[in-house]
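A, B, ... follow the sequence lines: proteins, then strands. Residue 1 opens every chain.
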2 protein chains.
Amino acid sequence: MKEATGQVRVIIEGLNPEIDGGRFPIKRVIGERVVVEADIFADGHDSISALLLYRNENNPGWSETPMELLVNDRWRGSFVVAELGCYLYTILAWVDLFKSWRRDLARKFQAGQEVSIELLIGVQLITEASQRASVAEGKMMGEWASTLQSTQVAEQVKIQLALSEEVLEVMDKYADRQFATTYPKELIAAVDREKALFSTWYEMFPRSCAPEPERYGTLKDCEARLPYVAAMGFDVLYFPPIHPIGLSHRKGRNNNPVANPDDPGTPWAIGSKEGGHKSIHPQLGSLQDFQSFVARAREYGIEIALDIAFQCSPDHPYVKEHPEWFRWRPDNTVQYAENPPKKYEDIYPFEFETKNWKQLWEELKSIVLFWIEQGIRIFRVDNPHTKPFRFWEWLTTDIKKSYPDVIFLSEAFTRPKVMHQLTKLGFTQSYTYFAWRNTKRELTQYFTELTQTEIREYFRPNLWPNTPDILTEYLQFGGRPAFMARLVLAATLGASYGIYGPAFELCDNHPKEPGSEEYLDSEKYEIKNWGITRPDSLKDFIARVNQVRRENPALHSDWSLRFHKVDNEQLICYSKRTEDLSNVVLVVVNLDPHHTQSGWVEFPLEELGIDPQKPYQMHDLLSDSRYLWQGSRNYVELNSQIVPAHVFRMRRRVRTERDFDYYM
Amino acid sequence: MKEATGQVRVIIEGLNPEIDGGRFPIKRVIGERVVVEADIFADGHDSISALLLYRNENNPGWSETPMELLVNDRWRGSFVVAELGCYLYTILAWVDLFKSWRRDLARKFQAGQEVSIELLIGVQLITEASQRASVAEGKMMGEWASTLQSTQVAEQVKIQLALSEEVLEVMDKYADRQFATTYPKELIAAVDREKALFSTWYEMFPRSCAPEPERYGTLKDCEARLPYVAAMGFDVLYFPPIHPIGLSHRKGRNNNPVANPDDPGTPWAIGSKEGGHKSIHPQLGSLQDFQSFVARAREYGIEIALDIAFQCSPDHPYVKEHPEWFRWRPDNTVQYAENPPKKYEDIYPFEFETKNWKQLWEELKSIVLFWIEQGIRIFRVDNPHTKPFRFWEWLTTDIKKSYPDVIFLSEAFTRPKVMHQLTKLGFTQSYTYFAWRNTKRELTQYFTELTQTEIREYFRPNLWPNTPDILTEYLQFGGRPAFMARLVLAATLGASYGIYGPAFELCDNHPKEPGSEEYLDSEKYEIKNWGITRPDSLKDFIARVNQVRRENPALHSDWSLRFHKVDNEQLICYSKRTEDLSNVVLVVVNLDPHHTQSGWVEFPLEELGIDPQKPYQMHDLLSDSRYLWQGSRNYVELNSQIVPAHVFRMRRRVRTERDFDYYM
């Protein structure tokens, strides 16, 4: 037993947020708040003081902020993170003898009891505290003590002094913390840059960017495509792998097991005699072209995201240079990827159970570092759930130590606990089940889970209505209205979202075959000429939606999401808001791509900062129309064939009806 | 990084039960089951094997039991605790290459694929495992390997062997655990004797046991009272403190601040010149009398529980011998107990913040040990929430190390988190809010919380409808039917319950004043002559209820409690059952002490082991009447003025209607 054990009386438990007992950090971006709650209590009836302690890991000293009792022994405090990297936080709490004394003195005095002895106890407490105080404050405290024990001072005056805020403040400052309880763990908040939370992605195959049909697109062609992407309002442009593509077992068009000589192969079959993960496919251009392209994109406010796919084509140089990184079969062939009875003979997975795992890990990290040196800070990681968790934890932690601005997006479409584990251990963002959540019930349940449970502390959703692997039935059958509805849902339910284009803006809805989610003539296996100037493109609508996102801070984060009642199963309604309610966005989407749907939406006005007694303005930011609403129940009607959604900004009336524009 | 880090692939998390990250043990009694669940998964698609490991702390070797996959990466295993003391449990899991291979082989074979190379991989796996096997099994495995690679054996035969249960079993036994994940914590199950879970308490003031009015009852009188207590079916007899009582500031009748010379004082004002916590009040008898009484009680199947009240009267020898164990005020008086503006000048609390806390702790422990040496193994601890948590953790842990059969009942009527903390850190049982939960809604909510949430892992409720401090309004106004209803509720909702008698069985319902929960002429301050032979005593009813408890194992634990629907707010219905459904008890209580109430009860027949197509017998164990019911909805009617409850044993029909007694 330590010397003070017996005198330490406060219990701190049930701390929140604390992921798996502190095993994993919570995630924040710069400027976000960390709200910490805990059960804090002691034996008996004494008063307690509690502090939330926090610091950036590079800062040796703790900052302190007082915690407040809510109810039922639950306390709360908060701080805002201001720098990249890791913050630590913990709690300190103690039985506060001065506060107990102050409270009891007041009660006794009010009950008309004799308090002269109590005042002398106060003198003791103040005198003790003064020994911990600055010279100036110590002197002042000495004077208070003198007053409290002076026979010349009226009791009324003494009581007034003893209970004064001034004395309380100074006594708080020099409180006796010698028997304080420190919460036994220092918890971690991993702080990313803002784009980790709010980002707008566009996925594009660079080889399909040539203006002429059939020609292999180059990075130069991609440069020419930048204004198009920028005009739609995207700030992350993500490329599937840009490395040399293997020839052995190369897949032909529509995933044909036999390729024609002119088939370009899938970019995920990485590696040929022309190089591996640190090389660029020669037909795309040179490393210099790439650097120039990245720089040009930056001028448009666009960051380039690369694909990290840790797997090899049979022709990858690693296969010969490092046979020990692969699993060999008794017939001296390398084990290809498979999910029996399916075989993927054009892909060799790495054998992570190799004895040379350390060397393998280091090499894979060097790939990421190589592209970081080319100016890349965002990586979309292909199938991370098929490589060991410990590897990812090591890789992401190690990279972020040197490059805290790096963002890793986990492309793990798998079981929930596996997806969650990956983001707990280091991935910055994650793909979600959004593509398969289409009904009001599904969307409400899923996004309530993602934004209102502990999952939100570590899982940052990135919503994709489509990807090169996913053309959902909803998009296949719903046509253009479905694409519009899914775009609005992705862009407003998720602070981060992305589309795979131009397939998306051109509403490509042809599946490989009925029941399949694969695209017909998928760009994964061939070069496409999209014809992006088609008049029916959604590009202007997308540009509008992304502009609304940029201009409305309520849409820059996810935790404020609340779903509201509508008396029509085909209409979904939800809101997001800033902490100060200066920006409140209410979205209504018609989930039925075929019919006009109408209904009454209902939401808690006061929670959203609206005076229920007054009319308020609903400004539809998509159509720029304005509606005057009143009360918590209002009528909406959405024709899917025109625009299947309202994205309202709620505006309180600040002046009178004389000037219709006077809404803020 | 450790050598194997990179090859360890399984994640084990979300283990349950695990209290506060393993900080506290779960509680069980001998014979109870520990069901352990966890999320267990790895990267990729490989099969996993998982074992639940457990051992008594005195046993160096782990026992193993396989865990099974439920759904969504959740696994479950269980074990039964057989000995007193602490069990440890944890989980071991690994990627099972043999099981993965076996599964994939089956798939490939079913798909008609070529599997000759796969069979050779199997040979490798079996050969490797044979090196870990016994000589005999190793030889057999060698033969299997030969068969699988023999060119003389038909493929069909090889497949049959490779997929056989026999091979699987042996391969399981010698599985390759070198890259296994061990859950990083060893969790603790603290195992008590059965009485910790199932106990029936009777509280009695020994000084009120004299047959003649006014005479101070002695331990000899208590001996004479034993048959009375035993006849009612109680197995724990609890005495308020039996120590010398202080004179200074002694309280008179009805808590009068001034006592008459003949007032006996409250037993909780412990200590006088005649001794302290290790002494017996001289008027009760000698230590020898006490020992003889304890032995006599044992003959009746009754254990004596003593009160541990760590506080002193101003006359306690400690005050002079150890002034440093008390808090002194500036006027050189000892700080008495207070809750401003209330003062309790007859009670000096110990000053646990004293520098001599170690000495104080040791002395307090020696009090418990003293009574243990007198044969006492059950202690009801008075107001533990006003002494430091760390003290209780040390005391209970230390005592249980030497005396694992000791039971501590926590008398903490305070905020929920404080009550929970006390039981987490070592108290065996706890008083509850039962006395103040009277409506159907309150009872349902509270007992669902206590029996269906994590709380049940460490909090064992002990239900008291009354205590010397608590005469609830429900009892005050409800009269005899209220006492009967509350008795049945306590005795069937709680595996442990108790009453303060004879006040309870004699239905004493006179409060000190309107609005007070204190008894008028409370036994705390005076000697009572109860007249226990009164014809209106509930003693026979209590005896019946306690007999039903003893004879029905479903009532010996709490976790099986389920509430069922009744279409009348005044009727509450619930059931308890044994794991094997051999004993199912269904209780219906009329909560309205004034009127007859009737309604339709509804419960899930199949869950309770009843064939919904057949009639079944409801045997009311209180009245010994039998009802033939059918279906899940049945009518009940309870007249409070007769008996306000049914305690049914449900009996399945096992033969035919020819013999009415043939129900089991």
What option among [options] has the most heavy-atom pairs under 4.5 Å with chain B?
options                               : answer
A:Ala42, A:Pro330, A:Gly44            : A:Pro330
A:Ile117, A:Thr414, A:Thr386          : A:Ile117
A:Ala412, A:Pro184, A:Pro341, A:Gly21 : A:Pro341
A:Gln110, A:Arg74, A:His385           : A:His385

With a 4.5 angstrom heavy-atom cut-off, which part of B:Leu120 approaches chain A: side chain, backbone, both or neither?
both

B:Glu353 versus chain A, the contacting section by heavy-atom distance below 4.5 Å
both

Toward chain B, the part of [X] with a non-hydrogen atom under 4.5 Å:
X        : value
A:Ile40  : neither
A:Asp104 : both
A:Lys185 : neither
A:Ile121 : both
A:Gln124 : side chain
A:Ala106 : neither

List the steps and the verdict of side-chain contact (heavy atoms from CB on, under 4.5 Å) for A:Arg390 and B:Arg9.
CA-CA 7 Å; A:Arg390 289 181 180 218; B:Arg9 292 167 51 200; over 6 Å; no

Non-hydrogen side-chain atoms of B:Arg23 and A:Glu13 separated by less than 4.5 Å:
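A side-chain contact is absent here, since even the closest heavy-atom pair is not under 4.5 Å.
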
Pick from B:Gln113, B:His45, B:Arg103 with the largest number of heavy-atom pairs that fall under 4.5 Å of chain A
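Looking at each option in turn, the highest pair count goes to B:Gln113.
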
Ignoring hydrogens, what is the shortest heavy-atom contact between [X] and [Y]? Give both atom names and the distance.
X        : Y        : answer
A:Asp43  : B:Pro388 : OD1-CA, 3.4 Å
B:Thr354 : A:Gln7   : O-NE2, 3.6 Å
A:Lys108 : B:Pro340 : CE-CG, 3.9 Å

Show, in sequence, the C-alpha distance, side-chain angles and deciding distance for B:Phe179 and A:Phe352, and conclude whether the ring pair (Phe, Tyr, Trp, His ring centres under 6.0 Å) test is met.
CA-CA 12 Å; B:Phe179 302 139; A:Phe352 278 89; over 10 Å; no

Would a distance-only check, ignoring hydrogens and angles, find a side-chain to backbone donor-acceptor pair under 3.5 Å from B:Lys417 to A:Asn72?
yes

Verify side-chain contact (heavy atoms from CB on, under 4.5 Å) between B:Arg107 and A:Asn339, making sure each step is shown before the conclusion.
CA-CA 9 Å; B:Arg107 285 190 195 161; A:Asn339 186 10; 3.8 Å; yes

Quick one: CD1 on A:Ile11 to CG on B:Leu422, what's the gap to the nearest 0.5 Å?
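A:Ile11 atom CD1 to B:Leu422 atom CG measures 9.0 Å (nearest 0.5 Å).
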
